[in-house]
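Keep in mind that this is a model prediction, so the values were computed, not measured.
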Amino acid sequence: MRGRWLINYMLKWPSYLKYQLRISKRPLLLIIMITERCNSRCVMCNFWKNKDKKDELTPEEIREVLKSPIMRDLQHIALTGGEIFMREDVDQIIDVIYDTTGIRPTIGTNGLCVERLDSLLSSRKEKIGGVMISIDGVGRVHDRIRGNGTFKRSMQSIKLLKEKYGIKPTINMTVSRYNYDNLIKTYNLFRDCVFTYKVAKASRFHFGNNEDMDFIINRRQAERFFKAAEKIKDKNLYDVFLEEWVMEDKRPSPCYAGVSSIIMNPDGSIQPCLHKPQFGNIRQFPIDRILISKGADAFRKSHKNCQDCYERCAVDTFGIDLPKWVLKKKIKENCLVKRPA
């Protein structure tokens, strides 16, 4: 119903105020990277080179973190990697999350492990909040980026989700110099899904350190990409403002990394953001001690206006400033409509 979102926001606003003031130490969003191993061969990531487990967090270690009082305000949990199905105990991890918090986590996958996805959903569909599949183009474009034959396998997973389980997956396209001109073709193929896109980023702390890899789009390619993106009329909030950051190095809203969202890595380290140094490690200190530390407090104060990234973790924290985002979206879209040819 029109206006319902605003009523819901106003009811929650008192709890959001402490995040707007940057005084809360209890995250709303927890991203759990359960492995850095991967079975893709992406041109913008080095995680696939990690062959070993490297002492990944156990389900019980994850449970202990979630039981902490500092986690009691959690609203969203996302499981990611690497490729999550490189872990044989994904089902146990989902059980731990749901049974401990009542939250149905979203899962991100490249869609290559079709049988594992089928098995997981057949036994735990009601414990899963959503499924995101990474697709970086149609056919050979996708295969060039992620490995030969990967598009066909990922499409099998998408068909499984829609036809067998009635799940509308989120299709996430990561834009690089290899696929910047394939946006509309990809969008048209997945119009019956939730389609979203982001621009690949170099990072010393993420993607297995990909700073020396050649995948970043240049300004000319970015201009062509965003010109094509104007044809997509049902963009989500994140995509509406992506051009603003890519072309102008300007985030549309404050960064809440380390305030309303944190990352937990396979080795137990806690990061405020994918691209920033860790606060500490849960194998050395309790999570509550890490999040109330002087280092964590200093980061929260210094990174309010950080412009270094515009990652998808922002999507889960839009709710904090939702009316502002919606208003800016309407203004931006009206300006685009009136833009001279």
Side-chain angles (χ1 to χ4, degrees), residues 27-40 42 45 47-48 56-59 61-63 65-66 71 74-136 146 150 153-174 190 193-198 206-207 236 238 261-266 274 311-317:
L28 298 173
L29 165 66
L30 171 63
I31 298 173
I32 308 178
M33 184 181 296
I34 61 175
T35 184
E36 290 186 350
R37 293 175 290 146
C38 193
N39 51 357
S40 286
C42 299
C45 182
F47 278 156
W48 62 270
E56 295 163 341
L57 287 176
T58 67
E61 286 178 306
I62 294 173
R63 187 194 304 275
V65 170
L66 296 176
M71 291 292 179
L74 278 179
Q75 296 181 3
H76 307 284
I77 297 176
L79 290 186
T80 185
E83 168 52 45
I84 65 168
F85 287 112
M86 300 298 285
R87 291 280 301 252
E88 296 296 326
D89 55 356
V90 173
D91 52 351
Q92 297 174 44
I93 292 173
I94 288 175
D95 285 344
V96 161
I97 292 171
Y98 185 80
D99 296 345
T100 307
T101 67
I103 295 173
R104 299 165 65 217
T106 58
I107 62 174
T109 174
N110 56 29
L112 299 185
C113 300
V114 185
E115 296 78 13
R116 292 286 311 282
L117 178 61
D118 188 11
S119 176
L120 179 67
L121 290 172
S122 67
S123 60
R124 289 167 174 80
K125 178 186 174 183
E126 300 306 317
K127 293 185 177 182
I128 296 173
V131 182
M132 185 188 75
I133 306 282
S134 297
I135 298 288
D136 292 338
R146 292 182 173 261
T150 57
R153 290 288 288 176
S154 297
M155 288 298 292
Q156 290 172 0
S157 286
I158 293 168
K159 182 179 180 180
L160 175 80
L161 288 167
K162 293 193 295 184
E163 296 184 3
K164 183 174 181 178
Y165 294 103
I167 294 174
K168 180 186 286 189
T170 295
I171 305 300
N172 180 33
M173 180 178 182
T174 300
F190 297 109
C193 301
V194 179
F195 182 80
T196 184
Y197 51 87
K198 67 175 185 177
H206 193 47
F207 310 118
N236 58 35
Y238 178 89
S261 62
I262 58 170
I263 317 290
M264 184 160 67
N265 292 306
L274 292 169
E311 284 291 349
R312 194 152 296 287
C313 50
V315 173
D316 291 273
T317 55

Going by atom types alone, do [X] and [Y] pair a side-chain donor with an acceptor below 3.5 Å?
X: Thr35; Y: Glu83; result: no
X: Ser40; Y: Asn110; result: yes
X: Thr196; Y: Asn236; result: yes

What is the distance from atom [atom1] of [X] to atom [atom2] of [Y], rounded to the nearest 0.5 Å?
X: Asp136; Y: Thr174; atom1: CG; atom2: OG1; result: 4.5 Å
X: Arg104; Y: Ile77; atom1: CZ; atom2: CD1; result: 13.0 Å
X: Thr150; Y: Met155; atom1: OG1; atom2: CE; result: 12.0 Å
X: Ile262; Y: Leu29; atom1: CD1; atom2: CG; result: 8.5 Å
X: Leu66; Y: Leu74; atom1: CG; atom2: CG; result: 7.0 Å
X: Glu126; Y: Leu121; atom1: CD; atom2: CG; result: 10.0 Å

Is there a side-chain contact between [X] and [Y] in this structure, where contact means two heavy atoms from C-beta onward sitting under 4.5 Å apart?
X: Ile32; Y: Ile62; answer: yes
X: Arg146; Y: Ser134; answer: yes
X: Ile171; Y: Met132; answer: no
X: Leu79; Y: Ile97; answer: yes
X: Thr170; Y: Ile133; answer: no
X: Val65; Y: Met71; answer: yes
X: Ile94; Y: Leu120; answer: yes
X: Asn172; Y: Lys198; answer: yes

Quick one: does [X]'s side chain have a donor or acceptor within less than 3.5 Å of a partner on [Y]'s backbone?
X: Ser122; Y: Ser119; value: yes
X: Arg116; Y: Phe85; value: yes
X: Glu311; Y: Cys313; value: no
X: Glu61; Y: Thr58; value: yes

For the residue pair [X] and [Y], what are the closest heavy atoms and their distance?
X: Phe47; Y: Phe207; result: CZ-N, 3.5 Å
X: Lys162; Y: Pro169; result: CG-CD, 3.8 Å
X: Asn265; Y: Leu57; result: O-CD1, 3.4 Å
X: Leu274; Y: Ile263; result: N-CG1, 4.0 Å
X: Ile34; Y: Arg87; result: O-NH1, 2.8 Å
X: Gly129; Y: Thr106; result: C-CG2, 4.1 Å

Checklist entry - Between Arg124 and Asp95, is a side-chain contact (heavy atoms from CB on, under 4.5 Å) present by the stated rule, with each step listed? => result CA-CA 8 Å; Arg124 289 167 174 80; Asp95 285 344; 2.8 Å; yes
Item to check | Glu115 and Arg153: CA distance, side-chain angles, deciding distance, salt bridge (Lys or Arg N to Asp or Glu O under 4.0 Å) verdict | outcome: CA-CA 10 Å; Glu115 296 78 13; Arg153 290 288 288 176; 3.1 Å; yes
Checklist entry - Arg37 and Glu56: salt bridge (Lys or Arg N to Asp or Glu O under 4.0 Å), yes or no, with the steps? => result CA-CA 10 Å; Arg37 293 175 290 146; Glu56 295 163 341; 3.0 Å; yes
Next on the checklist: Between Leu30 and Ser261, does the side-chain contact (heavy atoms from CB on, under 4.5 Å) criterion hold? Intermediate values first, please.
Outcome noted: CA-CA 6 Å; Leu30 171 63; Ser261 62; over 6 Å; no
Next on the checklist: Testing Asp118, Val131, Leu117 one by one against Ser157 for a side-chain contact (heavy atoms from CB on, under 4.5 Å), which residue passes?
Outcome noted: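 So the option named by the test is Leu117.
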Checklist entry - In terms of ring plane angle, is the pair Phe190 and Phe195 parallel, tilted or perpendicular, where the classes change at 30° and 60°? => result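 Parallel.
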Next on the checklist: Please enumerate all residues that pass side-chain hydrogen bond (donor to acceptor under 3.5 Å, both in side chains) together with Asp91, with sequence neighbours excluded.
Outcome noted: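 For Asp91 there are no side-chain hydrogen bond (donor to acceptor under 3.5 Å, both in side chains) partners, ignoring immediate neighbours.
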Next on the checklist: Assess the residue pair Asn39 and Met86 against the criterion (side-chain contact (heavy atoms from CB on, under 4.5 Å)); give the C-alpha distance rounded to whole Å, side-chain angles, the decisive distance to 0.1 Å, and a yes or no.
Outcome noted: CA-CA 8 Å; Asn39 51 357; Met86 300 298 285; 4.0 Å; yes
Checklist entry - Between Asp99 and Arg63, is there a side-chain N and carboxylate O pair less than 4.0 Å apart? => result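 No salt bridge links Asp99 with Arg63.
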Checklist entry - Could you go step by step and tell me if Glu36 and His206 meet the side-chain contact (heavy atoms from CB on, under 4.5 Å) rule? => result CA-CA 10 Å; Glu36 290 186 350; His206 193 47; over 6 Å; no
